[in-house]
Each structure stands twice: as C-alpha cells, then as structure tokens.
Amino acid sequence: MNKLVSQREDFSAWYNNIVLRAGLADYAPVKGCMVIRPYGYGIWENIQSILDKMIKSVGVQNAYFPLFIPESFIHKEKEHLAGFSPELAVVTYGGGKELEEKLVVRPTSETIINAMFSKWIQSFRDLPLLINQWANIVRWEMRTRLFLRTTEFLWQEGHTAHSTHDEASEMTLTMLSIYRDFMQNSLSIPVICGKKTSSQRFAGALETYTLEAMMGDCKALQMGTSHDLGQNFSRAFDITYQTKENKLEYVWQTSWGVSTRLIGAVVMVHGDDDGLVLPPVIAPIQVVIIPIWRGDEKGKIMEAVISLKKRLRDTTGASGLPLRVYVDTREEFTPGFKFNDWEMKGVPLRIEIGPRDIENSTVTIARRDERTRTTVKNSQALDSVVKTLDEIQGNLYLRAKRFMEGNTYTVNDWNQFKQKTGFVLSHWCGSTECEANIQSETNMTIRCIPMDGEEENGSCILCGKPSNRRVVFAKAY
RNA sequence: CGGGGGGUAGCGCAGUUGGCAGCGCGCUUGGUUCGGGACCAAGAGGUCGCCGGUUCAAAUCCGGCUCCCCCGACCA
C-alpha cells in the first residue's frame with residue numbers, strides 16, 4: 001500500500017484517494033455516478049438513524065413518494081421550473097412505447113408531494129401536515145465529485161404544510177436548528193447558519209436558510225438547507241384548506257434536506273494524511289481490536305480479545321447504543337499493517353492486546369484523532385473506552401471549530417478582501433449586482449447572511465454603499 | 001461547453017530508432033513470521049479503449065471514434 005497524496009500537496013487528489021482507499025465509495029460504470037460501498041453506507045445508516053429520530057421528535061412522519069414525476073408538474077411553479085430544468089433527466093420511453101406524457105426523474109419532490117397534499121388537505125384540522133422521505137434523487141450535473149456532487153444521490157427531504165406563515169417560518173427554523181445540533185454533535189462539524197441571498201435561494205422559495213461549514217482547504221460546503229416556501233407551491237398546486245371561519249386559504253409550506261454530501265464533509269473536515277478520521281457517533285466501527293501473538297500465544301491472546309469484545313459490546317456509549325466493536329483476526333497481515341489499515345478507515349479507537357498486555361493485565365489503547373497511545377489496566381478498559389470515545393467526539397468538534405475560526409477574517413478593505421482564503425466577514429450593500437461582481441473578480445460567493453451576526457453599520461466592500469450587517473464570503477464547493 | 005491529463009494484468013505504472021508483453025504492489029499455494037505497512041519459494045493473470053489505414057511486422061506511425069479523471073462555468 002502506498003502513502004496517500006498529502007492534503008497540502010493536492011487537496012482534491014487527497015480527498016478522492018481517501019474515499020476510494022477507505023472503501024467508502026467507488027466510481028460506477030455510469031458517468032457521474034458512484035457506488036456507496038458498505039463502509040460508506042454504514043456511515044450513512046448511522047446518520048439516518050440519528051437524524052430520523054430527531055426529525056420524528058418534532059412530529060414529522062416518514063412516507064415515500066414516486067421516483068417519476070409527470071413533466072407537467074414541474075411546469076406548475078415557474079421559478080422552480082427555471083431552477084431545475086437544466087438538470088432534469090427525463091424518461092420518454094416505457095414498455096417499448098413512447099410515453100404520452102414524459103416522466104421526470106425527481107430532482108426534488110416538491111411538485112409530486114404537493115400534488116398529493118392538495119388531495120389530502122381540506123380543513124384546518126388536517127394541518128399541520130409534516131412529511132419526510134428518505135430517497136434518491138437525480139440532478140444532471142455538469143461536473144461531479146464523489147459524495148459532494150453526483151448525478152444520483154441519497155438524501156432526506158421534509159415537506160410540511162401549515163395554516164399560518166408564522167408557523168411555517170418557525171418550522172423552517174426548527175429544522176435548521178435540528179440540523180445544526182446534528183452536525184455539531186454527531187458529525188463534530190461546526191456550522192454557520194444564515195439566510196441565502198436572493199440569487200442563491202431555492203427555486204421557488206421565499207427564504208432559504210443554510211448551514212455552511214469550512215472544509216480542510218478552507219473552502220465552504222453547504223451542509224443542508226431549510227426553505228420557507230410561503231404560498232408559492234400551494235398556489236401552484238391549489239393546496240387550500242377551510243378555516244374555522246369557513247374561509248378557503250392557501251397553506252404555508254416548508255421543505256428541508258440534507259444529503260450523502262455530509263459524508264464528504266466528514267472526510268474533508270476531519271481527515272488527515274493518514275486517512276479518514278471518523279467521529280465516534282457515526283463511525284460504523286468505533287473500536288477495532290487487534291490481537292498480537294507470537295508462536296503459540298494465540299489461544300491465550302484470543303481468549304482475552306474475545307472476552308474484551310463481549311464486554312465492550314455489552315456496554316453502551318454516549319449515544320445509549322451498544323459499542324460497535326470489530327476484531328481483526330486476519331492472519332495474513334502483520335499488526336503494523338493493520339494499524340495503518342484501520343487508521344486509513346478512520347476508526348476512532350484501536351485496542352491492541354499482545355503478550356505484554358496479557359502479562360501485565362493491561363490493554364493498549366490508541367486514539368485516531370491525536371495519534372496517542374496509552375496502556376490501561378484491563379479492568380479499566382471499558383470506562384476508558386467510553387470516556388475516550390466521548391473525548392474524541394468533542395475534540396474533533398473543537399479542533400474543527402478552532403480551524404474555522406483561525407481562517408475567518410473580518411475585512412473592510414477591498415484589497416485585503418481579494419487576498420484572503422477562508423471565511424471573510426464583510427459588509428455588502430444587498431445588491432445582486434455587487435454580489436455577482438465580487439464573485440467574478442474573486443471567485444468568492446456569499447455563503448450566507450449569518451443569523452447570529454450583530455447589526456453593525458458599515459459600507460459595502462465593493463461599492464461602498466451603506467450596510468448594516470456583515471455577510472460570510474468564501475470560495476465554495 | 002472550454003482547458004488539461006489519461007485508457008497496456010485486479011491497482012499503480014514503464015515500454016527506446018516499429019521486431020517475443022514488462023515492472024512494482026496485490027492475488028493463489030506452501031512455509032517461516034507477527035508490539036508501526038514481514039520474508040522466502042513456486043504460480044495464476046493481457047482483445048495494449050474501439051474502428052480503420054501504412055508496413056513483412058503496430059502498444060509504438062497516421063486518420064477517425066469513444067470513455068474516464070482533473071481544473072473552470074451550473075448546482076445539495
């Protein structure tokens with residue numbers, strides 16, 4: 001096995017290398033498509049199970065809607081159509097015959113879900129209607145990148161309908177904060193929440209909220225979005241309800257989603273030159289045990305290994321779930337090879353049990369995040385593992401936060417602005433024209449208008465017109 | 001769509017003035033090893049991306065096609 005290309009040398013080659021070598025994914029025979037391999041899919045399953053509970057905790061129910069959408073549905077909301085038509089895949093043949101109406105492979109499901117909502121919603125008693133689906137979607141992208149942008153990807157999309165705009169807005173923000181909680185606590189990735197500018201809003205939304213994170217190369221990645229759709233879709237799909245006063249009103253709606261892109265983010269935020277580094281909460285394997293023996297010691301050592309494995313599996317981690325433990329019994333590899341192999345795969349903790357450990361009733365525990373190794377008494381192994389996993393989870397977050405903050409700059413001068421790499425906090429007058437000019441000159445886009453930013457009088461970094469708030473600029477994926 | 005790189009064993013690559021298809025890793029079998037990427041021995045594995053041309057002879061020269069990757073414009 002060769003070393004990885006280093007992050008500093010070529011970040012994008014490093015990223016591809018890790019995704020392939022850690023066994024997260026592989027290129028599929030179809031251009032722009034990928035296969036998510038079991039190890040990568042295991043991460044997604046962990047993401048799903050945590051997020052699914054969080055989504056349900058606010059009363060949202062899961063359902064499943066069709067992959068195919070009648071083409072006419074996409075045409076009903078004109079902003080939506082304009083936004084998505086360049087990237088639609090369209091089915092024109094079925095069963096050997098040309099279809100009477102073409103079917104669009106869903107790029108997102110607003111239209112087909114709302115067609116159903118209009119059927120299901122009649123009275124204020126039917127509201128709020130809170131639906132989520134886990135699905136695959138297809139967007140015909142010009143350029144693709146494993147996990148970050150592929151033609152087909154997996155995601156979760158929530159769609160809700162409410163009787164008032166206030167309630168819908170609140171839902172939008174509730175989901176935003178659920179996402180933030182999940183990203184920070186489960187993925188150990190700090191995010192900046194804010195509104196998108198009008199030019200970057202979801203096609204058909206009144207307001208788009210986003211969560212932006214900084215990757216290891218200081219570029220920004222949009223981690224998820226939550227949209228306040230207002231009544232744009234309910235008018236297009238005629239979703240009305242009768243109020244208590246017997247009046248007919250259009251519903252107010254939201255939609256929100258995160259995708260398998262999050263896996264790419266985990267790679268780019270936590271990974272290093274030795275491979276992947278996974279936050280314990282989402283790691284498919286949290287602890288790998290590597291037995292080490294010479295000659296005839298195998299029996300004794302395996303006995304200790306199996307017993308430790310059992311004890312660990314009976315232990316619950318911070319998540320309240322049993323620890324995910326794997327014993328690497330492969331005999332064709334030396335321990336040294338296995339150390340490197342599991343480091344590539346980002347397993348948070350490695351436990352070595354060899355003759356020395358047996359002799360002293362100890363186990364050796366190595367942390368993936370800080371590359372440190374300690375020896376603890378076998379009797380304390382459980383406590384130590386649980387505690388250390390928890391520490392790793394927190395440490396990864398703090399490390400990422402420090403990195404983000406260290407590469408965030410408050411800039412008031414255009415010349416300085418042009419030289420910065422990272423997140424740049426500057427004033428912006430609010431015009432789409434300035435936004436576009438800044439992008440064409442610097443390649444930086446407005447990632448968001450941060451929500452927790454304070455009001456502050458200043459002048460637009462480009463045109464000098466007054467502004468009362470700083471926005472986040474960055475180069476983005 | 002523009003620019004760049006590439007397609008030769010599972011992976012990474014070499015292949016000179018055209019002349020038997022190679023190397024490293026991996027894989028298989030047997031043995032010795034095992035606390036940071038072990039070693040020895042014996043093996044298996046190829047339509048050199050595709051089509052055509054030049055030639056006694058093409059991975060190599062010429063023409064055409066195709067697919068993939070990377071960088072930019074579009075986007076979760």
Side-chain angles (χ1 to χ4, degrees), chain A residues 1-5 10-17 20-21 26-33 82-88 107-108 136-157 179 196 199-203 208 210-213 220-227 255-265 274-275 290-298 301 328-344 350-360 362-364 366 371 373 375 436 439-440 443 445 475-477:
Chain A
M1 281 276 210
N2 299 317
K3 282 243 152 78
L4 286 168
V5 180
D10 185 344
F11 194 84
S12 126
W14 166 86
Y15 174 81
N16 286 325
N17 248 299
L20 264 15
R21 295 261 301 269
D26 203 351
Y27 292 103
V30 182
K31 184 185 168 76
C33 292
F84 280 105
S85 52
E87 44 190 355
L88 295 181
T108 178
N136 59 334
I137 60 178
V138 168
R139 295 179 187 179
W140 216 262
E141 300 290 351
M142 296 181 193
R143 214 184 126 212
T144 58
R145 210 148 163 6
L146 293 168
F147 285 114
L148 304 178
R149 177 165 300 104
T150 46
T151 297
E152 179 189 9
F153 60 95
L154 305 183
W155 78 346
Q156 147 281 309
E157 52 178 323
Y179 285 155
K196 282 294 188 189
S199 68
Q200 296 196 31
R201 233 174 252 152
F202 174 74
T208 288
T210 178
L211 302 100
E212 301 282 327
L221 184 75
Q222 179 173 307
M223 303 280 286
T225 48
S226 183
H227 314 291
S255 71
W256 27 272
V258 299
S259 71
T260 37
R261 168 181 271 191
L262 293 178
I263 297 172
D274 294 314
I290 299 182
I292 299 162
W293 65 73
R294 290 184 304 243
D296 57 0
E297 296 157 338
K298 182 178 173 183
I301 282 164
D328 187 350
T329 54
R330 293 176 296 178
E331 298 203 13
E332 64 273 31
F333 296 114
T334 60
F337 178 91
K338 293 178 183 178
F339 296 168
N340 287 287
D341 194 34
W342 291 108
E343 276 161 15
M344 172 67 66
R350 177 180 77 235
I351 299 182
E352 304 161 21
I353 298 183
R356 280 208 301 273
D357 295 297
I358 298 293
E359 200 174 313
N360 305 321
T362 58
V363 298
T364 302
R371 311 296 311 258
R373 181 145 49 173
T375 300
Q439 176 171 8
S440 64
N443 240 331
T445 51
K475 288 182 183 142
Y477 273 97

Reckon [X] touches a base, only the sugar-phosphate, or nothing at all at heavy-atom distances under 4.0 Å?
| X | answer |
| --- | --- |
| A/Ile137 | nothing |
| A/Tyr27 | sugar-phosphate |
| A/Gln222 | sugar-phosphate |
| A/Thr108 | nothing |

Worksheet item: What nucleotide among B/C70, B/G35, B/G36 has an atom nearest to a side-chain atom of A/Arg371?
Response: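 Comparing B/C70, B/G35, B/G36 against the side chain of A/Arg371, the answer is B/G36.
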Practice prompt. Over 60° means perpendicular and under 30° means parallel, so classify the ring planes of A/Phe202 and A/His227, tilted if in between.
Written response: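 If you compare the ring of A/His227 with that of A/Phe202, the planes turn out parallel.
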Distance between [atom1] atoms of [N] and [M] (Å, rounded):
| N | M | atom1 | answer |
| --- | --- | --- | --- |
| B/C62 | B/U16 | P | 13 Å |
| B/C61 | B/G6 | P | 13 Å |
| B/G52 | B/C40 | P | 46 Å |

Worksheet entry | Spacing between A/Asp357 atom CG and B/C34 atom P, to the nearest angstrom |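 Interatomic distance, CG of A/Asp357 to P of B/C34: 16 Å.
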Discussion item. Rounded to whole Å, how long is the line connecting atom CG of A/Asn443 with atom C1' of B/C74?
Written reply: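 In whole Å, B/C74 C1' lies 14 Å from A/Asn443 CG.
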Worksheet item: Can you find a donor-acceptor pair, distance only, under 3.5 Å between A/Glu343 side chain and B/G36 base?
Response: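 Donor-acceptor pair under 3.5 Å: yes.
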Worksheet item: So does A/Asp341 reach the base of B/G37 with its side chain, donor to acceptor, closer than 3.5 Å?
Response: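 Between B/G37 and A/Asp341, which were checked side chain against base, a qualifying N/O pair under 3.5 Å is absent.
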Say whether, by atom type as modelled, one donor and one acceptor occur between the side chain of [X] and the main chain of [Y] under 3.5 angstrom.
| X | Y | result |
| --- | --- | --- |
| A/Lys338 | A/Ile290 | no |
| A/Asn360 | A/Arg356 | yes |
| A/Thr260 | A/Phe153 | no |

